[in-house]
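These notes concern the structure reproduced below.
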Amino acid sequence: MSSIRVNPYPMPDLLAAIEQLQQQQTNATLELATGSSINKPSDNPAGDAQLIKINDLSSQVDSFQRSISALSGQFSTADSTLGSVVTVLQRAITLGVEGANGTLSDTDRQAIGVELKGIQSQLLSLANTSYQGQYIFAGTANTQPFVVDPSQNSGVRYAGNAGTNSVTIGAGYQLQVNLPGSQVFNGPGADVFQAISDMITSMQSDTGMDTAVTELGTALNYVSGQQAFYGNALNQTQSQQTYLSAQSVALSQQQNTVSAADLTAVASQLANDQTAQTGALDAIGRLPQTSLFDYLK
Amino acid sequence: MSSLFGALSIASGALGAEQGAMDATTNNVANVNTPGYSRLRPVLTEADPVVENSVTYGQGVTLQKIESLRDPILQLRIQDETQQQGQLSAYNSALQQTQVQFTSSGSDIGSEISNLFSSLSQLSTDPTNPSLRQSVLTAAGNMTTVFNNTANSLTQQQANVDLEVTQAVQQVNTITGQIAGLNSQISQLQGVGQDASALVDQRDVLIGQLSGLIDVSTIRSDNSLTLTTSSGAPLVVGGQSFALSTQTNASGFQDIYSQGKDITSRLTSGQLQGLIQVRDTVIPGVISNLNTLASGLGNALNTANANGFDLIQQQDGTLSPGGDIFSGQAAAATFKVAITDPNLIAASSDNTSPGSNGNLVGPAGLSAVQNASVVDGQTPTNYYSNIVFGVGNAVSNSSAELASSQLLLNQLQDQRGSISGVSLDEEASNMVQYQRAYDAAANVVTTINDMLYTVINMGTLTG
């Protein structure tokens, strides 16, 4: 026999081919179902390692965003609290100017004095404002920051501390998130409690009213200045929020670049594999059903 | 010498030869689906002629032997490739199981590490908040749990692989015993000049199975066969088999012994080698990497916690310095959260400020660990991603090698089939050929019979 003898049993080859095609189809179906070309580390080891890093970065960006949301409540509360302090101080100034008017009787001044005392306790309450159980003007102490203390000139003592906290709201970006109460309310020459206490004393004694009004004015300007800190902080977190959203989008794009399945390619590959499998099955079906034996009758 | 009786003997010789050839064909057809069967072929030769008075008379046909068609060199190559494939296949399928532990799921080690740092970051916005503190402890617990589970699964897998080693050794012993038995029978048959091809086929099948399990080296002498591992440990010598045994080693796993010698590390291929590679190298390597990660991360967070102050007041009214958050970090399996009181998280950077977050956000604080090179010179996430890369890459490489080895083996089997496989068409045509020859020889016998009759009657006429 001169011709090359072929393997009379191609079945194992065909079966191996079909097995391979089935494996490919399983992978393709998984890719289509998950939309991701990396469903286990071996699908793309380097890509998967990169995904883990991207996921960590993206988790950090999420954390920054959640921190910002948590902080904005605190900033708004502080901002509006200081807004109220300013309003209340304005009312005290108005009352002081009224009191300085020589036409008032003692009784009238007593009445104004009562209102001023009300303003004093209002200021104390504002200075002790808390947000979610935390005094916002206590520095980094965890106690009520302003307490009534008759031994003090102003009648109020600062029990907090001068500490400040910063929160990370971006990679390497830390934002100071609080001002200690001592800085906000006991500014040098602009002590809110001293000013209101002096005003009350002046009103009661009908002396030095103008000085007391001036003192209140200085305190008011100073507190407004402090209020700006929180306004700025709010602005900064808002613009950072915008930046982080963009970064988050960029990270998911990176994620897609690394892992997204090319759906068109996968779908057409799947179709090809199915065709090939049909072909292979067909080939098995067409393997000679007969041999020469069938014709020897 | 030429005579009618001589012719009759030639014709009956032909009848015998064709019948023998037909036997070979029948056997081929009968074994068309027998694995490892090598087809038989009758070897017909012309009988030595006789010369008489310068005339040469043929003496008919002899059925010299029925040979079985096999290519021993090809058989060896198939064995080699089967060993290669046995090793790759055991290695790959074990690694496929390993990589399940490292598939991103949202609750894999990488995600849980990120979650812990995320909870610390939330705590920094309100450092005394009890529920934020509690979520840090919860996240830490989730992280250590996934470390424990991953390490335990790997250890469990290692134990399963070890069990497979023992089973594979038993299979090796069963097969070598059978081969030794066949060896004795084959040499007995061949010793008396008989054909042992049926037994040789069976032996080839067994050697093929053995090759899947262990690296086999075959040494053939006249009519005996010696099998050793490639490092020379005897498996079968002629009619005697040498069983492998297992002994528990220091790590509690089974080492493989041959004749009292530990051959575990000297195997070079076959399923056993693949299993041993996974059991003794791959899984311990991954576990060791996880241990490095756990201890780097646990130590760094403990150190960072010690840099700050927790919410517990000491007798003098100051806050106490932070203690360990984690214990057992030397091993991923024992890594756990050592504290249950969320107040023990040292968020503050000074001992008089409970509301400070300085030790969360500071450069030596807890959050800083996330991006610090604390695990073998890498950040925790980068180190983890390298572990996953290592596992994924090993799977992906061995899958590719396995596929190409499979392809090669298929080709070799094809080649074997083209030499040894039974083709029914060929057998049918042979059958026709032998049948026709048999018919013809039978006709010759009839004709000679007639001629003899004529000769005998010729005597009657003259007498």
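Numbers restart at 1 for each chain; the letters A, B, ... are given by sequence-line order, proteins then strands.
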- Task: For residues B/S118 and A/R66, determine if any side-chain heavy atom of one lies less than 4.5 Å from a side-chain heavy atom of the other.
- Result: yes
- Item | Nearest heavy atoms of A/N165 and B/P127, plus distance in Å | ND2-CG, 3.9 Å
- Query: If you round to the nearest 0.5 Å, how far is OG of B/S121 from CD of A/Q65?
  - Reply: 11.0 Å
- Closest non-hydrogen atom pair between A/F293 and B/E427, with its separation: CZ-C, 4.2 Å
- Can you tell which part of A/A46 gets under 4.5 Å to a heavy atom of chain B, answering side chain, backbone, both or neither? both
- Item | Contact origin within B/I419 toward chain A - heavy atom pairs under 4.5 Å | backbone
- If you tally heavy-atom pairs under 4.5 Å between each of B/S420, B/G358, B/G417 and chain A, the highest tally belongs to B/G417
- Query: Under the side chain to side chain contact (heavy atoms under 4.5 Å, CB included) criterion, do B/N129 and A/Q134 qualify, and how do the steps go?
  - Reply: CA-CA 8 Å; B/N129 186 316; A/Q134 173 72 31; over 6 Å; no
- Reported OG-to-CG distance for the pair A/S63 and B/N115, which is rounded to 0.5 angstrom: 8.5 Å
- How about residues 33-41 of chain A versus chain B: which residues have heavy atoms under 4.5 Å apart? A/N39, A/K40, A/P41
- Go through the atoms of A/N161 and report whether side chain, backbone, both or neither lie under 4.5 Å from a heavy atom of chain B. side chain
- Task: Pick whichever of A/S42, A/P8, A/A16 has the most heavy-atom pairs under 4.5 Å with chain B.
- Result: A/S42
- Query: Once you round to the nearest 0.5 Å, how far does OG1 of B/T125 lie from CD1 of A/I68?
  - Reply: 11.0 Å
- Under 3.5 Å, is there a donor-acceptor pair linking the side chains of A/R5 and B/S423? no
- With chain A, the option among B/I113, B/V361, B/V100, B/D126 that has the most non-hydrogen atom pairs under 4.5 Å is B/V361
- Just by modelled atom types, is the A/S166 backbone N or O under 3.5 Å from a matching donor or acceptor in the B/N357 side chain? yes
- Message: Counting only non-hydrogen atoms closer than 4.5 Å, does B/T352 touch chain A with its backbone (N, CA, C, O), its side chain (CB onward), both, or neither?
- Response: backbone
Hey, can you pull the donor-acceptor pairs under 3.5 Å for the side chains in residues 50-62 of chain A, sequence neighbours left out?
from	atom 1	to	atom 2	distance (Å)
A/N55	OD1	A/Q255	NE2	2.4
A/N55	ND2	A/L51	O	3.4
A/D56	OD1	B/S114	OG	2.6
A/D56	OD1	B/Q370	NE2	3.2
A/D56	OD1	B/T381	OG1	3.4
A/D56	OD2	A/Q60	NE2	3.2
A/D56	OD2	B/T381	OG1	3.2
A/Q60	OE1	B/N371	ND2	3.2
A/Q60	NE2	B/N371	OD1	3.0

- Message: So, taking the atom named CG in A/D48 and the one named OG1 in B/T103, what distance separates them when rounded to the nearest 0.5 Å?
- Response: 7.5 Å
- What are the two closest heavy atoms between B/P354 and A/N142, and how far apart are they? CG-CB, 3.4 Å
- To the nearest 0.5 angstrom, please state how far the CG atom of B/L120 sits from the OG1 atom of A/T168. 11.0 Å
- Examine whether an atom of A/V177 lies under 4.5 Å from a heavy atom of chain B, and if so say whether it belongs to the side chain, the backbone or both; otherwise answer neither. neither
- Does a sphere of radius 6.0 Å around CD in B/Q96 hold more than 12 heavy atoms from other residues, nucleotides or ligands, not counting ones at 6.0 Å or beyond? yes
- Query: Can you tell me how far the OG atom of B/S124 sits from the CG atom of A/L71, to the nearest 0.5 Å?
  - Reply: 7.5 Å
- Whether over 12 other heavy atoms sit under 6.0 Å from A/F229 CZ: yes
